[in-house]
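The structure appears below as structure tokens.
Quick note on labels: first sequence line is chain A, next is B, and so on, each numbered from 1. All values derive from a computational prediction rather than experimental measurement.
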Protein chains: 2
Amino acid sequence: MAASSGVSIGYLADRTGLAVSAIRYYEAQGLITPWRNNGGQRRFFRADIRRLSFIMIAQQIGFSLPEIRGFLKALPGGRTPTPEDWAKISEGFRDHLDQRIETLQQLRSNLDGCIGCGCLSLPKCALYNPKDRAAQNGQGPRYLMGDHAETENNP
Amino acid sequence: MAASSGVSIGYLADRTGLAVSAIRYYEAQGLITPWRNNGGQRRFFRADIRRLSFIMIAQQIGFSLPEIRGFLKALPGGRTPTPEDWAKISEGFRDHLDQRIETLQQLRSNLDGCIGCGCLSLPKCALYNPKDRAAQNGQGPRYLMGDHAETENNP
DNA sequence: CCTTGACCTCAAGTTAGGTTTAGAAATTAC
DNA sequence: GTAATTTCTAAACCTAACTTGAGGTCAAGG
């Protein structure tokens with residue numbers, strides 16, 4: 001093999017645990033941009049392991065691929081990202097993470113007020129006005145509404 | 001309207017913010033079981049607003065509909081759930097929530113170790129062995145692997 | 001009675017995030 | 001040099017969680 005000519009998609013798949021097909025899909029979504037060797041095969045930077053790991057972590061936390069693409073825009077295009085580059089993008093990332101944790105903590109602290117008391121009257125509830133769009137998967141519910149029914153008698 | 005004969009699907013939709021079609025879908029998935037009036041239209045308990053709100057909250061946190069169906073099994077079938085009923089099911093729910101918060105907090109505290117340092121070597125990372133299956137949407141990534149490449153020179 | 005809006009069923013379409021398949025070309029291993 | 005892997009593309013398929021549409025019914029007001 002030619003020295004330092006990049007790594008194959010299979011190598012990245014082995015190192016990250018991702019399926020080869022998933023990595024190709026991420027390329028199609030603009031999350032990673034390999035070049036091609038003479039034979040037309042994809043070649044990646046070895047450092048793209050980090051990039052893929054970042055994608056996997058962000059997904060676990062609940063971010064969509066377009067959102068993650070946004071995070072990764074902050075990385076330099078032409079060269080291997082440095083520790084400083086990663087530190088920079090992890091900052092904005094951390095803010096989102098903080099928000100997400102706070103939302104869940106509020107929900108937990110209000111759990112009795114929301115659910116345990118049986119009223120589920122959600123103006124009290126942390127999720128009444130969910131700001132945390134990262135938590136939404138797909139075409140999920142739009143918003144939550146309270147239950148302050150007029151008479152509230154059993155049917 | 002006949003007194004105390006239940007509420008319509010449209011009423012529930014208005015009160016919860018869910019689409020009518022979503023409520024019908026939840027019925028198909030066994031999350032809610034209305035009865036029918038003489039004309040064949042669905043009738044719900046007024047208290048089903050709570051049930052639907054619970055579904056929406058649990059979804060926000062990341063539970064799938066089958067999982068939520070499991071939570072709701074703990075509710076009584078024949079009568080309107082009491083505050084105590086809700087308190088009971090919110091307990092198991094809270095455990096899941098606690099776990100989820102802890103996972104995210106560990107990730108945050110390790111964020112510099114995982115991402116900020118640029119090594120992304122995930123044995124240190126809270127998400128290296130993700131136990132939090134509720135966080136996984138769809139056929140997501142299977143596991144995370146570190147980046148301790150042999151030579152680690154730029155390509 | 002008539003109209004209007006809410007409701008019904010059932011099938012098909014949608015989006016996200018991928019996987020699978022098929023047939024061909026490139027690379028690696030012996 | 002040949003065989004065994006990998007990789008390539010493109011299109012089809014998959015699941016979850018819904019939405020949309022067609023064609024028809026029910027209920028309330030005037």
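Between B/Phe63 atom CZ and D/dA16 atom C1' the separation is 17 Å, expressed in whole Å. Distance CG (A/Asn37) to P (C/dA25): 16 Å, rounded to an integer number of Å. To the nearest angstrom, C1' of C/dG18 lies 13 Å from CG of A/Leu31. One interatomic measurement links the two molecules: CZ of A/Phe44 to P of D/dT6, which rounds to 16 Å at whole-angstrom precision. Between the CZ atom of A/Arg69 and the P atom of C/dA16 there is a distance of 10 Å, given to the nearest Å. Here the C1' atom of nucleotide D/dT15 and the CG atom of B/Leu65 are 12 Å apart, to the nearest Å. Atom CD1 in A/Ile32 sits about 16 Å away from atom P in C/dG17, given to the nearest Å. One can place OH of A/Tyr25 at 17 Å from C1' of D/dT9, the figure rounded to the nearest angstrom.
For B/Asn37, the side chain to side chain contact (heavy atoms under 4.5 Å, CB included) partners are B/Gln41, B/Arg43, not counting sequence neighbours.
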Could you list all N or O pairs between the protein and nucleotides 7-10 of chain C that sit under 3.5 Å apart?
{"residue": "C/dC7", "atom": "OP1", "partner": "B/Ser8", "partner atom": "OG", "Å": "3.0"}
{"residue": "C/dC7", "atom": "OP1", "partner": "B/Gly10", "partner atom": "N", "Å": "3.0"}
{"residue": "C/dC8", "atom": "OP1", "partner": "B/Arg42", "partner atom": "N", "Å": "2.7"}
{"residue": "C/dC8", "atom": "OP1", "partner": "B/Arg42", "partner atom": "NH1", "Å": "3.0"}
{"residue": "C/dC8", "atom": "OP2", "partner": "B/Arg24", "partner atom": "NH1", "Å": "2.5"}
{"residue": "C/dC8", "atom": "OP2", "partner": "B/Arg42", "partner atom": "NH1", "Å": "3.2"}
{"residue": "C/dC8", "atom": "O5'", "partner": "B/Arg42", "partner atom": "NH1", "Å": "3.4"}
{"residue": "C/dC8", "atom": "O3'", "partner": "B/Arg36", "partner atom": "NH1", "Å": "3.4"}
{"residue": "C/dT9", "atom": "OP1", "partner": "B/Arg36", "partner atom": "NH1", "Å": "3.0"}
{"residue": "C/dT9", "atom": "OP1", "partner": "B/Arg36", "partner atom": "NH2", "Å": "3.0"}
{"residue": "C/dT9", "atom": "OP2", "partner": "B/Arg42", "partner atom": "NH1", "Å": "2.9"}
{"residue": "C/dT9", "atom": "OP2", "partner": "B/Arg42", "partner atom": "NH2", "Å": "2.7"}

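A close approach under 4.0 Å does occur between a side-chain nitrogen or oxygen of A/Gln59 and OP1 or OP2 of C/dG18.
Toward the 5' end of DNA chain D, the nearer of the two residues B/Ala19 and B/Asn38, judged by each one's closest nucleotide, is B/Ala19.
No more than 12 heavy atoms of other residues, nucleotides or ligands lie within 6.0 Å of CG in A/Asn38, so this atom counts as exposed by the packing criterion. Environment of CD in B/Gln29: crowded, with over 12 heavy atoms of neighbouring residues, nucleotides or ligands closer than 6.0 Å.
Taking all atoms of both residues into account, the shortest heavy-atom contact from A/Phe44 to A/Ile23 is CZ-CG2, 3.9 Å. Of all heavy-atom pairs spanning B/Leu12 and B/Asp48, the tightest one is CD1-CB, 4.1 Å.
Between A/Trp35 and A/Phe45, the ring-plane angle classifies as tilted under the 30° and 60° cut-offs.
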